[in-house]
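Contents: one structure, followed by commentary.
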Amino acid sequence: SEGAQCRWHDGIRVAPSTAYVDPAGLHIRPFTNWVQAATNLQAAIDQACGGTTVRVAAASYPLNAQVEVAKGILLAGAGTNASFLYRGGVPVMRVLWISASNAVVEGFAITNGNVTASDFYTGAGVIQFDGTLRNCLVARNKADSNGSGGGIHLLGGTVSNCIIRNCSGWMQGNGVLMDGGVLRESTLIANGGGRSDMSGGGIHLNGANFCTIASNLVDDNDTGIWLGFQAPVDDGGDDNTVAFNTIIGSPAVGIRISPA
């Protein structure tokens with residue numbers, strides 16, 4: 001079948017156009033069908049090349065290390081009520097890392113991440129430097145002990161059509177801590193539990209430039225949106241777009257503008 005080419009050591013190998021992940025698979029490389037599917041996500045991702053689609057079966061995937069997507073693949077789960085990625089038997093671990101500009105991750109529930117200031121530090125559920133996260137549920141993740149970004153730490157790329165709920169960040173950003181990128185058409189519900197003097201309950205814009213926060217529903221978070229700027233103002237927090245968001249049920253304040 002038609003494959004995706006990539007360079008491997010001194011030669012060229014051809015990766016499958018589609019690779020499969022299923023805990024019931026036989027784990028036979030290059031994981032080209034459901035019978036021979038990889039039994040863990042990272043093995044299939046590592047086998048893939050740019051342009052490969054990695055399809056993940058409906059199942060629970062307890063993790064002992066974060067899933068790293070550092071190449072331009074489509075990582076596709078079976079849906080937020082079917083494919084579950086979560087921290088397994090380790091006390092501190094982020095669930096997902098995305099860094100490739102043309103990477104797309106979709107169709108997962110991402111839960112139970114836990115980071116601290118001394119280990120991982122930010123983004124208990126997801127840390128995203130580029131690429132796209134869409135149609136995912138990010139829930140019950142925690143950045144504790146001076147950590148930040150309980151649900152997502154967004155430094156670049158796009159988060160769209162996601163639900164971020166019941167996450168907490170001790171310092172900044174219970175739901176989403178933004179240092180770059182676009183957050184749009186997503187729902188942030190009941191994120192809170194961090195320091196009330198530091199944290200944006202739903203979204204904390206951390207003195208960044210050229211970010212977009214648009215068409216989101218921010219419901220029942222400690223603070224709706226915290227727009228932080230660097231002092232003096234021209235040191236950061238300029239040229240951002242915040243538009244068409246709906247903020248309801250925030251007990252502290254809907255929008256707060258203050259130094260980051």
Side-chain angles (χ1 to χ4, degrees), residues 63 66 85-87 90-98 108-129 133 136-157 159 162-183 186-208 211 213 216-230 236-237 240 242 245 247 249-260:
L63 305 169
Q66 67 184 6
L85 309 182
Y86 61 95
R87 175 176 58 91
V90 294
V92 179
M93 192 202 79
R94 178 187 300 117
V95 179
L96 177 64
W97 167 297
I98 306 171
F108 292 96
I110 298 164
T111 68
N112 200 37
N114 183 42
V115 302
T116 67
S118 59
D119 198 349
F120 291 93
Y121 186 64
T122 64
V126 181
I127 191 166
Q128 182 173 341
F129 299 90
L133 179 73
C136 286
L137 169 67
V138 181
R140 299 184 301 280
N141 301 285
K142 186 176 185 180
D144 206 357
S145 302
N146 294 324
S148 296
I152 300 172
H153 186 187
L154 181 60
L155 297 101
V159 174
C162 289
I163 298 173
I164 302 102
R165 74 179 189 207
N166 300 111
C167 296
S168 65
W170 178 250
M171 291 294 288
Q172 297 172 323
N174 291 311
V176 178
L177 172 64
M178 289 189 70
D179 282 294
V182 176
L183 173 64
S186 294
T187 301
L188 297 97
I189 304 175
N191 299 288
R195 287 178 53 180
S196 61
D197 62 329
M198 293 288 292
S199 297
I203 305 163
H204 187 115
L205 181 62
N206 194 34
C211 298
I213 302 170
N216 301 290
L217 172 62
V218 185
D219 183 7
D220 194 27
N221 299 273
D222 282 357
T223 298
I225 302 175
W226 187 310
L227 303 176
F229 59 87
Q230 301 291 345
N240 297 296
V242 181
N245 300 285
I247 304 171
S250 295
V253 66
I255 296 179
R256 180 169 180 174
I257 302 174
S258 71

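Numbering starts at 1 and runs along the sequence shown. Because the structure is a prediction, the values reported are computed rather than measured.
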How far does [atom1] of [X] sit from [atom2] of [Y], to the nearest 0.5 angstrom?
{"X": "Met171", "Y": "Ser148", "atom1": "CE", "atom2": "OG", "result": "6.0 Å"}
{"X": "Thr223", "Y": "Ile203", "atom1": "OG1", "atom2": "CD1", "result": "11.5 Å"}
{"X": "Leu137", "Y": "Cys162", "atom1": "CG", "atom2": "SG", "result": "8.5 Å"}
{"X": "Asn191", "Y": "Ile189", "atom1": "CG", "atom2": "CD1", "result": "8.5 Å"}
{"X": "Arg87", "Y": "Ile110", "atom1": "CZ", "atom2": "CD1", "result": "15.0 Å"}

Fill in: Heavy-atom donor-acceptor pair, Asn141 side chain to Asn114 backbone, under 3.5 Å
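Pair absent, no side-chain N/O of Asn141 close to backbone of Asn114.
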Worksheet item: Just by modelled atom types, is the Gly123 backbone N or O under 3.5 Å from a matching donor or acceptor in the Arg94 side chain?
Response: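 Yes, the answer is positive, given that a donor and an acceptor are paired below the 3.5 Å cut-off.
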Tell me the closest heavy-atom pair linking [X] and [Y], and the distance in Å.
{"X": "Gln128", "Y": "Val159", "answer": "OE1-CG2, 3.4 Å"}
{"X": "Ile164", "Y": "Ser186", "answer": "CD1-CB, 4.4 Å"}
{"X": "Leu205", "Y": "Cys211", "answer": "CD1-SG, 3.7 Å"}
{"X": "Gly150", "Y": "Cys167", "answer": "C-CB, 4.0 Å"}
{"X": "Ala208", "Y": "Gly180", "answer": "CB-N, 4.1 Å"}
{"X": "Tyr86", "Y": "Asn112", "answer": "CB-CB, 4.2 Å"}

Practice prompt. Could you give me the CA-CA distance, side-chain angles and deciding distance for Asp219 and Leu188, then say whether side-chain contact (heavy atoms from CB on, under 4.5 Å) is met?
Written response: CA-CA 6 Å; Asp219 183 7; Leu188 297 97; over 6 Å; no
Does [X] reach the side chain of [Y], with side-chain heavy atoms less than 4.5 Å apart?
{"X": "Ile98", "Y": "Ile127", "answer": "no"}
{"X": "Thr116", "Y": "Asn146", "answer": "no"}
{"X": "Ile247", "Y": "Ile225", "answer": "yes"}
{"X": "Gln66", "Y": "Leu96", "answer": "no"}
{"X": "Asn240", "Y": "Ile213", "answer": "no"}

Worksheet item: Looking at Asn206, Leu154, Thr122, which hits side chain to side chain contact (heavy atoms under 4.5 Å, CB included) with Asp179?
Response: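 Single side chain to side chain contact (heavy atoms under 4.5 Å, CB included) partner of Asp179 among Asn206, Leu154, Thr122: Asn206.
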Practice prompt. Fit a plane to each ring of His204 and Trp226, take the angle between them on a 0 to 90° scale, and name the class: parallel (under 30°), tilted (30 to 60°) or perpendicular (over 60°).
Written response: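 Taking Trp226 first and then His204, their aromatic rings lie parallel (interplane angle under 30°).
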Discussion item. Could you walk me through whether Met178 and Leu183 satisfy the side-chain contact (heavy atoms from CB on, under 4.5 Å) test, starting with their C-alpha distance in whole Å, then the side-chain angles of each, then the deciding distance to 0.1 Å, before giving a yes or no?
Written reply: CA-CA 9 Å; Met178 289 189 70; Leu183 173 64; 4.0 Å; yes
Practice prompt. Mind running side chain to side chain donor-acceptor pair (under 3.5 Å) on Trp170 and Asp144 for me, showing each step along the way?
Written response: CA-CA 5 Å; Trp170 178 250; Asp144 206 357; over 6 Å; no
Worksheet item: By side-chain contact (heavy atoms from CB on, under 4.5 Å), which residues pair with Arg140, not counting sequence neighbours?
Response: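 Applying side-chain contact (heavy atoms from CB on, under 4.5 Å) to Arg140 gives Thr111, Arg165, Asn166.
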